[in-house]
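Residue numbers start from 1 in every chain, and the chains themselves are labelled A, B, ... in the order their sequence lines are given, proteins ahead of strands. Values below: every heavy atom of this structure, side chains too, minus hydrogens, waters and symmetry copies.
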Amino acid sequence: MKKLINKPEDVVKEELEGIVFAHPDLVRVHFAPNYIVRADAPVKGKVGIVSGGGSGHEPLHGGYVGIGMLHAACPGEVFTSPTPDQIYDATKAVNGGAGVLHIVKNYSGDVMNFEMAAEMAGADGIEVASMVTNDDVAVQDSLYTQGRRGVGVTVFVEKIAGGAAEAGMPLKELTALANRVNENGRSMGMALTSCTVPVAGKPTFELGDDEMEIGIGIHGEPGRERMKIKPVDEVVDMMADAILTDLPFKSGDRIIAMVNGMGGTPLIELYVAYRRLAQICQGKGIKIERNLIGNYITSLEMAGFSITLLRADDEMIKYWDAPVHTPGLRWGM
Amino acid sequence: MKKLINKPEDVVKEELEGIVFAHPDLVRVHFAPNYIVRADAPVKGKVGIVSGGGSGHEPLHGGYVGIGMLHAACPGEVFTSPTPDQIYDATKAVNGGAGVLHIVKNYSGDVMNFEMAAEMAGADGIEVASMVTNDDVAVQDSLYTQGRRGVGVTVFVEKIAGGAAEAGMPLKELTALANRVNENGRSMGMALTSCTVPVAGKPTFELGDDEMEIGIGIHGEPGRERMKIKPVDEVVDMMADAILTDLPFKSGDRIIAMVNGMGGTPLIELYVAYRRLAQICQGKGIKIERNLIGNYITSLEMAGFSITLLRADDEMIKYWDAPVHTPGLRWGM
Amino acid sequence: MVTKEDVLNWIKHYADVVDANETYLTELDAAIGDADHGINMQRGFKAVMAQLPSVEDKDIGTILKKVGMALVSTVGGASGPLYGTLFLRMGMAAGNKNELSEEDVLKLFQAALEGIKQRGKAVPGDKTMVDAWTPAVEAFQKAVTNGDTLSVALEKTTIAAEEGMKATIPWVARKGRASYLGERSANHQDPGATSSYLLIQSAEKVWNHKEV
Amino acid sequence: MVTKEDVLNWIKHYADVVDANETYLTELDAAIGDADHGINMQRGFKAVMAQLPSVEDKDIGTILKKVGMALVSTVGGASGPLYGTLFLRMGMAAGNKNELSEEDVLKLFQAALEGIKQRGKAVPGDKTMVDAWTPAVEAFQKAVTNGDTLSVALEKTTIAAEEGMKATIPWVARKGRASYLGERSANHQDPGATSSYLLIQSAEKVWNHKEV
Ligand SMILES: Nc1ncnc2c1ncn2[C@@H]1O[C@H](COP(=O)(O)OP(=O)(O)O)[C@@H](O)[C@H]1O
Ligand SMILES: Nc1ncnc2c1ncn2[C@@H]1O[C@H](COP(=O)(O)OP(=O)(O)O)[C@@H](O)[C@H]1O
Ligand SMILES: [Mg+2]
Ligand SMILES: [Mg+2]
Ligand SMILES: [Mg+2]
Ligand SMILES: [Mg+2]
């Protein structure tokens with residue numbers, strides 16, 4: 001295992017110490033239990049937004065804490081959900097009297113830990129609403145299963161809900177908006193290589209030198225199909241087809257598109273992939289109104305990428321464009 | 001070779017096509033010869049700034065074209081300097097009548113190609129000034145050799161000169177400012193893995209499973225010393241020591257610090273490294289006024305990182321803080 | 001009779017079992033999950049062992065609730081709330097007792113299973129820890145009804161848990177990370193069912209004084 | 001006499017040599033540079049071959065300048081301006097001639113060396129292509145002074161270029177990317193000196209009619 005770390009078990013703590021040094025203007029960090037919170041939290045009279053999940057997906061979620069996005073993020077161990085006490089304390093820290101929204105990715109662990117925390121905060125009289133993202137079309141959806149994973153759309157939900165909360169949107173409306181974003185977003189990912197969880201010390205899975213994994217999750221969970229490497233145009237075709245037919249997206253739709261690197265993919269390759277995606281959308285009369293190209297929701301050093309498309313309405317685009325100032329996303333200020 | 005590409009020889013062209021789709025509001029792209037230019041170029045009455053170099057270092061340089069930074073960037077083939085005709089055409093395209101500054105990294109190829117282009121533009125009556133960055137302390141400096149490589153400080157020069165040009169600084173002053181930034185900046189890099197140039201198809205160098213390369217360049221040029229992997233704190237200690245004693249930086253200095261990923265390094269590790277760097281600076285009474293943590297000057301998918309420190313004066317910080325809106329760097333607007 | 005000492009020894013023994021099986025559990029999770037189940041359990045039981053001394057002189061309920069709280073606040077992931085709830089509910093069932101009859105142990109086991117089912121909303125056949133616990137609790141109940149000694153009841157329970165664990169192998173997962181794999185989750189043993197079997201086996205070993 | 005045909009055949013032959021040695025040159029560059037010298041030369045001579053037909057009926061000066069411009073505008077890197085300048089200067093020295101005497105060839109070679117020294121500011125011993133060209137030009141000059149035939153002069157020149165190329169092996173580089181390696185650049189043959197030797201060897205093979 002080759003990593004820029006000291007002891008594997010100290011990675012998350014030391015990363016948080018790095019954040020303390022790097023962004024004192026934007027965030028404060030609480031240790032034991034760990035959470036990152038806006039420097040000016042709680043914001044009086046506005047809904048607080050808390051998200052979190054396993055570490056290793058940076059900049060998600062800690063990098064999105066700041067003005068116009070998350071009020072707090074709870075980082076678990078690498079690829080392991082945070083614990084209820086982290087979420088409970090973060091919820092209390094951002095409660096400005098207008099309630100707190102939990103943005104939760106659909107993994108058993110995340111859902112259960114956030115649920116326990118919400119019960120604890122609710123018992124304290126804090127109004128907590130939860131919404132669960134589940135945009136990964138690689139997973140078959142069904143009433144009887146866990147359902148789909150929450151992946152790239154989480155970035156969109158955090159940005160748009162963050163902008164709306166900043167504008168003073170009340171909790172009920174905000175939760176509805178966040179759910180609408182999730183319902184209109186679809187994603188799919190693929191990997192060229194595995195990644196290595198520091199404490200595990202070896203790759204999560206093995207891929208042949210000429211193989212790729214389509215439909216991979218963000219934790220190195222093996223995908224739905226392993227196949228020989230293909231030119232990126234064919235890969236984008238496959239992924240875009242799965243995404244576009246799922247919602248389905250239609251001619252005339254306005255979308256926000258993300259081509260996201262998994263952590264070990266050079267930017268030059270992401271632009272090559274974006275090129276193909278843009279050609280496909282153009283061909284189908286789907287208009288990309290906004291885009292993000294880069295590392296926004298990663299899987300440590302995995303090579304690969306994901307595509308997320310959001311069918312956006314005016315309100316979503318308005319809050320997408322709203323000023324944001326976080327370590328990981330910044331515009332308009 | 002595992003890459004998200006089609007044909008290796010088409011990577012740069014297809015990346016540029018991706019940029020055309022992605023950022024029409026910020027830049028235009030010219031093909032054959034290839035260059036990326038600000039959407040509103042030439043900016044009348046202001047100095048135009050052109051940089052460029054081999055591709056594979058994204059977001060450098062093309063990602064820094066836009067308001068408040070570069071006016072044009074000339075991408076060569078991967079890790080190969082651009083050709084004089086690219087630079088010559090880009091120079092003409094950004095010439096707003098106040099002259100053009102060439103920001104050149106100190107590699108024989110870059111220096112010679114920019115020199116030929118400057119001669120050609122000069123013959124057309126365009127006033128061209130050139131400045132060469134050479135901040136890599138891993139290379140021994142001497143009058144009789146090529147001298148040091150230009151690496152991380154190039155990002156700082158581009159940002160600060162870009163801010164100053166936007167404010168209307170004339171060419172002579174701007175060139176002096178750019179040189180001052182370079183003279184006060186020092187960098188060093190290291191690699192955990194090699195990278196693979198697409199057309200080469202195999203890793204540029206081989207590193208053992210327990211080895212790292214200290215003092216690596218940004219083209220996979222082997223570094224000055226190969227050694228067994230160490231905890232990141234020790235690695236940062238070695239690199240910071242080489243950098244700090246070179247200028248030398250002193251107690252009371254105010255600096256801008258960058259911890260830069262080489263392309264395949266997870267952000268979580270960069271924060272762990274930044275933590276150590278901040279501790280060292282704190283211990284020496286050196287004040288980090290601003291920081292950048294992320295992928296800003298990369299070597300394809302190489303795992304590793306570099307540190308760049310700039311002893312900054314008020315003018316540098318003023319233009320650092322000036323608004324910038326490019327695909328790769330954005331704040332204040 | 002299961003004494004307070006037996007309960008403490010069970011916890012300690014299981015902490016060692018988790019250490020010894022960390023790689024095994026993580027590898028099972030690598031095949032159909034995210035390669036951390038052993039790591040998660042180890043981190044949890046390390047915390048449990050650190051906090052156990054503070055409640056060693058308390059009643060069984062307090063001890064088990066402490067174990068549950070330690071797991072909830074250090075494990076995270078799916079296993080944190082699940083094993084946390086499991087021990088919290090056993091603690092609530094044990095109350096301020098200092099020893100447990102066979103009937104008491106049955107109540108604890110039933111509360112454990114009830115807790116994980118509520119928390120995780122899995123049903124038998126979903127390929128989760130529920131699939132080790134469900135046959136185990138049934139077997140223990142039958143043994144008690146049968147009039148078996150605690151020792152025999154525990155032996156039957158362990159065998160049932162093992163069978164339940166092994167039964168998960170061919171199944172397609174419907175809950176937890178493994179469910180994202182669809183058909184590809186088949187032919188792998190569920191990690192959580194495995195750690196649950198080991199927990200039950202540990203009780204049997206310790207309480208039947210085969211090992212401490 | 002070197003005819004226009006000979007010059008064209010030289011360029012074409014060298015384009016094949018570059019193709020055949022792409023991996024070799026790139027591997028030399030991988031050891032002390034950035035693993036692209038063969039790729040760069042190949043890209044350049046592919047462009048040269050595409051543009052050559054447009055000047056095949058022109059004089060030697062025009063042909064060589066076209067080669068130089070094609071290299072300058074497609075190669076990039078260090079070898080682009082260097083090989084570009086080398087051919088541009090030879091073209092300028094050849095002017096509108098359609099065949100070259102031994103003395104003319106000497107002037108071309110001298111102009112070539114002068115060009116790369118001006119452009120790259122390297123001196124002999126810096127471990128660059130200058131180290132193949134310097135002894136080669138000296139050997140050719142000596143042979144001409146000696147009254148050797150063109151054929152013999154080219155043979156001596158090729159041997160000198162090869163020696164110059166091999167002499168770079170033990171040296172520490174002082175120019176180009178290899179210089180960043182300091183002491184570690186020793187014990188490797190310079191890629192640019194190697195491609196330069198191959199270019200001279202190609203002239204000898206083609207012009208002495210040993211190969212076309
Ligand atoms: N909803 C659920 N109900 C019951 N057990 C579950 C559920 N989700 C997951 N599990 C159990 O958790 C185990 C995985 O635990 P672990 O790997 O520690 O957590 P994570 O999946 O968050 O990485 C699975 O093998 C399964 O037995
Ligand atoms: N300043 C210089 N003067 C003469 N030759 C040089 C100089 N710099 C580099 N070279 C030659 O260029 C060769 C490398 O060419 P190439 O690999 O194509 O370019 P780059 O170094 O830009 O990747 C070196 O082996 C050396 O012979
Ligand atoms: Mg996990
Ligand atoms: Mg090169
Ligand atoms: Mg797991
Ligand atoms: Mg080279």
Side-chain angles (χ1 to χ4, degrees), chain B residues 8-9 32-33 52-54 56 74 76-86 88 106-117 136 138-140 142 144-149 194-206 215-226 299, chain D residues 22-23 25-27 29-44 46-47 68-85 88 116 118-123 125-129 172-185 188 192:
Chain B
E9 56 275 24
C74 305
E77 290 300 311
V78 173
F79 291 175
T80 299
S81 318
T83 57
D85 49 331
Q86 295 177 257
Y88 170 58
N106 188 34
Y107 299 92
S108 339
D110 289 27
V111 170
M112 289 188 275
N113 284 289
F114 269 92
E115 210 173 81
M116 291 183 90
D136 190 342
V139 176
Q140 295 290 352
S142 145
Y144 307 101
T145 63
Q146 181 70 34
R148 289 176 163 176
R149 298 177 287 225
S194 180
C195 55
T196 299
V197 175
V199 287
K202 55 184 181 136
T204 302
F205 61 101
E206 294 291 344
I216 194 94
I218 54 169
H219 305 89
E221 313 98 300
R224 305 254 340 163
E225 207 184 336
R226 187 166 290 202
S299 302
Chain D
E22 186 267 304
T23 313
L25 293 171
T26 297
E27 272 169 9
D29 197 31
I32 56 171
D34 59 350
D36 63 0
H37 186 56
I39 299 163
N40 291 342
M41 295 299 283
Q42 194 175 42
R43 185 173 56 248
K46 210 174 144 184
M69 281 310 299
L71 294 175
V72 163
S73 67
T74 56
V75 176
S79 41
L82 287 166
Y83 275 97
T85 302
L88 282 172
I116 55 176
Q118 262 176 33
R119 182 56 65 208
K121 296 173 188 76
V123 296
D126 280 356
K127 190 166 183 146
T128 70
M129 46 195 290
V172 170
R174 285 190 302 238
K175 282 276 149 50
R177 280 181 205 290
S179 69
Y180 307 131
L181 280 179
E183 301 293 333
R184 283 170 68 184
S185 63
H188 295 282

Of the non-hydrogen atoms in Ser179(D) and Gln146(B), which two are nearest, and what is the gap between them? OG-CB, 3.1 Å
For the residue pair Met112(B) and Gly120(D), what are the closest heavy atoms and their distance? SD-CA, 3.8 Å
Region of Thr74(D) that comes under 4.5 Å of a non-hydrogen atom in chain B: backbone
Residue Ile39(D) versus chain B: region with a heavy atom under 4.5 Å: side chain
Report which part of Arg119(D) has an atom under 4.5 Å of a heavy atom belonging to chain B: side chain, backbone, both, or neither. both
State plainly whether the residues Lys46(D) and Glu9(B) are in salt-bridge range, i.e. N to O under 4.0 Å. no
Can you measure from OG1 (Thr204(B)) to CG (Asp29(D)) and round to the nearest 0.5 angstrom? 9.5 Å
Is Ala31(D) close to chain B through its backbone or its side chain, or both, or neither, when contacts mean heavy atoms under 4.5 Å? backbone
Nearest heavy-atom contact between Arg184(D) and Arg226(B) is NH1-N, 3.9 Å
With chain B, which of Thr26(D), Asp36(D), Ile32(D) has the greatest number of heavy-atom pairs at distances under 4.5 Å? Asp36(D)
Residue among Ala173(D), Ser73(D), Gly176(D) with most heavy-atom pairs under 4.5 Å to chain B: Ser73(D)
Using non-hydrogen atoms only, which part of Glu27(D) is less than 4.5 Å away from chain B: side chain, backbone, both, or neither? side chain
What's the spacing between Leu88(D) CG and Met116(B) CE if we round to 0.5 Å? 6.0 Å
What I'd like to find out is whether the side chain of Asn40(D) reaches to under 4.5 Å of the side chain of Glu77(B), using heavy atoms alone. no
Among Ala30(D), Gly77(D), Ala78(D), which residue forms the greatest number of heavy-atom pairs with chain B at distances under 4.5 Å? Gly77(D)
Side chain to side chain contact (heavy atoms under 4.5 Å, CB included) between Arg43(D) and Thr80(B), intermediate numbers included: CA-CA 11 Å; Arg43(D) 185 173 56 248; Thr80(B) 299; 3.5 Å; yes
More than 12 heavy atoms from other groups under 6.0 Å of CD on Gln118(D): yes
Could you look at Val123(D) and say if it's the side chain, the backbone, both or neither that has a heavy atom under 4.5 Å from chain B? neither
Top of Pro84(B), Pro33(B), Gly76(B) for chain D proximity - count of heavy-atom pairs under 4.5 angstrom: Pro84(B)
Determine the option with the most heavy-atom pairs under 4.5 angstrom with chain B, choosing from Gly182(D), Gly80(D), Gly76(D). Gly76(D)
Test side chain to side chain contact (heavy atoms under 4.5 Å, CB included) on Met69(D) and Asp85(B) and set out the steps. CA-CA 10 Å; Met69(D) 281 310 299; Asp85(B) 49 331; over 6 Å; no
Examine whether an atom of Phe205(B) lies under 4.5 Å from a heavy atom of chain D, and if so say whether it belongs to the side chain, the backbone or both; otherwise answer neither. neither
Arg177(D) and Phe79(B) have their tightest heavy-atom pair at NH2-O, 3.7 Å
